[in-house]
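Heads up: the structure comes next, in structure tokens.
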Amino acid sequence: MKTIIILGGGVGGIVTANELRKKIGKEHKIIVVDKEQKHLFASSLLWVMNGTRKQKLISRQLSTLNKKGIEFVNGNIERFDPVNKEVTVNGNILKGDYFVVALGAEISDSMDINNKGYNIYTPEGSEGLNKALSQFKSGKVVVLVSSLPFKCPAAPYEAALLINSLLLKKGITPDIELYSPEVGPMGVAGKKLSAMLRGIVEERGIKYFPEHQAATVGDKSIKFNNEVSTAYDILAYIPKHQCPKVIKDTELVDESGWVKITNRNTLETKFAGVFAIGDITNIPLAQGKPLPKAGVFAHYQAQTVANNIALEITGKGTLKQFNGDGMCFIELGDSKAGFAKGNFYAEPLPTIKMFMPGFHWHVGKILFEKIFLSKWF
Ligand SMILES: Cc1cc2nc3c(=O)[nH]c(=O)nc-3n(C[C@H](O)[C@H](O)[C@H](O)COP(=O)(O)OP(=O)(O)OC[C@H]3O[C@@H](n4cnc5c(N)ncnc54)[C@H](O)[C@@H]3O)c2cc1C
């Protein structure tokens with residue numbers, strides 16, 4: 001009998017647990033550990049922000065996994081020892097034969113922005129922003145990427161476009177500025193897609209300021225490292241991301257500050273039987289930038305790792321490889337979305353295709369949300 005312990009019940013953790021359960025017998029134990037009681041489908045937070053979703057519609061109780069024969073342990077992971085393969089959760093030690101580290105990226109309140117703006121990467125921040133926008137009469141909205149890296153490269157651009165569309169519907173002429181330390185939108189996906197998305201943002205009158213790293217955020221103003229400053233009436237921000245503290249000080253992490261993968265196709269770490277997937281990893285690409293932090297990669301990596309652990313345990317099946325494929329819906333407002341897909345491991349540059357935006361991609365994104373939440377819970 002083997003015990004597989006999955007650290008994190010986010011996108012990567014949920015998919016790994018479900019896929020494994022299908023592939024190995026009930027004599028083997030699958031445990032998912034998460035400090036939260038609920039899984040939150042983060043992609044839909046942008047719809048909480050524009051008022052088309054309520055938080056409870058996009059969350060699922062992790063305890064429902066128990067019905068499928070997946071044990072859910074609700075608790076804070078305080079220590080992980082990849083050498084002895086044990087994890088401490090709320091003071092209790094759990095021992096496993098295999099570990100999948102899927103703890104995502106931790107968000108922190110750098111620059112003390114918390115009480116000045118809305119963190120659109122949390123349900124509270126998205127709900128708060130929605131309320132503020134519904135009461136908004138006039139003024140400037142600033143969307144700020146506070147630092148790099150951040151998950152979901154499209155999200156700040158989608159947020160600005162959705163806010164734009166919401167204000168227009170309210171009969172307000174939008175005054176929106178978008179600041180980011182990036183050179184351009186979704187840079188890893190290539191110059192063409194980046195220019196296309198920038199064009200879509202700017203043709204709607206959103207003022208875009210790339211290569212702007214915020215230095216200080218005041219009550220109604222932001223100062224950037226290049227001496228530029230701007231005032232705002234509403235601030236919507238993407239918070240600083242970091243490797244979760246419990247993993248940061250382990251030998252799993254390299255100089256990038258994130259978990260090092262020794263084989264990007266199988267997601268192995270340097271510790272036998274310990275895999276890492278999703279936002280917590282750093283996977284350098286040929287162009288020098290890392291694989292973006294996105295749910296689609298956590299999802300595909302989870303399927304790979306689950307398959308390969310099951311293969312090791314049962315001896316049945318064939319080895320699966322994560323080959324860098326990814327896709328992304330990009331919400332543009334007015335019930336329209338764009339869609340891009342391609343291969344991020346392609347060399348020398350990722351090969352990504354962007355499809356003509358339209359209503360059908362917006363529907364595709366809604367369908368994806370529904371399928372994800374019903375399939376895995
Ligand atoms: C607004 C927004 C929009 C997005 N849109 C998209 C999109 O359209 N497409 C896309 O591909 N991606 C999107 N993403 C990104 C996507 O949500 C993440 O990339 C994905 O969730 C990463 O999966 P993961 O399993 O690595 O981590 P997560 O899903 O973040 O899961 C990590 C889990 O670990 C738990 N955890 C962390 N530390 C501990 C601890 N010490 N003890 C116990 N539990 C712990 C957390 O509670 C969490 O449940 C979006 C994200 C946001 C915020």
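One is the number of the first residue; the rest follow in order along the sequence. Atoms within each ligand, like the ligands themselves, are counted from 1 in listed order. Nothing here was measured: the structure is a model prediction, and the numbers come from that model.
For ligand 1, the atoms closer than 4.0 angstrom to any heavy atom of G278 are 26 (O). Atom numbering of ligand 1 starts at 1 in the shown order; those under 4.0 Å from a heavy atom of E36 are 47 (O). Every atom of ligand 1 is numbered from 1 in the order shown, and the set under 4.0 Å from a heavy atom of G8 is 33 (C), 34 (O). Atom numbering of ligand 1 starts at 1 in the shown order; those under 4.0 Å from a heavy atom of G75 are 42 (N), 43 (C). Within the listing of ligand 1, atoms 11 (O), 12 (N), 19 (O) sit less than 4.0 angstrom from a heavy atom of A294. With ligand atoms numbered from 1 in the order given, ligand 1 contributes 40 (C), 41 (N), 42 (N) to contacts under 4.0 Å with heavy atoms of N76.
No heavy atom of C328 sits closer than 4.0 Å to any atom of ligand 1.
Summary of contacts: the protein heavy atom closest to atom 37 (C) of ligand 1 is L103 O, 3.4 Å. Of all protein heavy atoms, the one lying nearest to atom 2 (C) of ligand 1 is A42 O, 3.4 Å. Of the protein's heavy atoms, G295 N, 3.5 Å lies nearest to atom 16 (C) of ligand 1. Of the protein's non-hydrogen atoms, G10 CA, 3.9 Å is the one closest to atom 28 (P) of ligand 1. For atom 47 (O) of ligand 1, the nearest protein heavy atom (residue, atom name, distance) is D34 OD1, 2.7 Å. Closest to atom 22 (C) of ligand 1 among all protein heavy atoms lies D279 OD2, 3.2 Å. Nearest to atom 50 (C) of ligand 1 among the protein's heavy atoms is C152 CB, 3.4 Å.
Of the residues K207, K140, H212, the one that meets the side-chain hydrogen bond (donor to acceptor under 3.5 Å, both in side chains) test with E177 is K140.
Relative orientation of the F368 and F41 rings is tilted, given thresholds of 30° and 60° on the angle between their planes. The aromatic rings of F355 and W361 are tilted relative to each other, their planes meeting at an angle between 30° and 60°. In this pair, H241 and F150 present their aromatic rings perpendicular. The plane angle is above 60°, beyond the 30 to 60° band.
Under the 6.0 Å cut-off for aromatic ring centres, F99 and F80 qualify, their centroids lying closer than that. Between F344 and F297, the gap from one ring centroid to the other is short of 6.0 Å.
Only the side chain of K365 comes within contact range of ligand 1, with a heavy atom under 4.0 Å; no backbone atom does. If you look at S43 next to ligand 1, the close heavy atoms, those under 4.0 Å, come from the backbone and the side chain alike.
Summarising the local packing, NZ of K370 is surrounded by more than 12 heavy atoms from other residues, nucleotides or ligands at distances under 6.0 Å. At most 12 heavy atoms of other shown residues, nucleotides or ligands fall within 6.0 angstrom of atom CD in E251.
Geometrically, R264 engages Y345 in a cation-pi contact, judged by NZ or CZ lying under 6.0 Å from the ring centre and within 45° of the ring axis.
For a threshold of 3.5 Å applied to N or O pairs, the pair formed by I77 and ligand 1 contains at least one separation below that value. Where the criterion is an N or O separation shorter than 3.5 Å, residue side chain and backbone included, G12 meets it with respect to ligand 1. The distance criterion of under 3.5 Å between nitrogen or oxygen atoms is met by V11 with respect to ligand 1. Among the atoms of K35, some N or O lies under 3.5 angstrom from an N or O of ligand 1. Ligand 1 has an N or O atom lying under 3.5 Å from an N or O atom of V296, backbone or side chain. Inclusion of V33 in the set of residues having an N or O under 3.5 Å from an N or O of ligand 1 is not warranted.
Between T281 and W258 there is no side-chain heavy-atom pair separated by less than 4.5 Å.
With salt bridges taken as basic N to acidic carboxylate O contacts below 4.0 Å, one links E369 and R53. The pair E158-K365 meets the salt-bridge criterion, since a charged nitrogen lies less than 4.0 angstrom from a carboxylate oxygen.
When atom types are taken as modelled, the side chain of D97 and the backbone of T3 share a donor-acceptor pair closer than 3.5 angstrom.
Of the candidates P156, A298, G104, it is A298 that places a heavy atom closest to atom 23 (O) of ligand 1.
A side-chain N or O of D334 and one of S165 form a donor-acceptor pair less than 3.5 Å apart.
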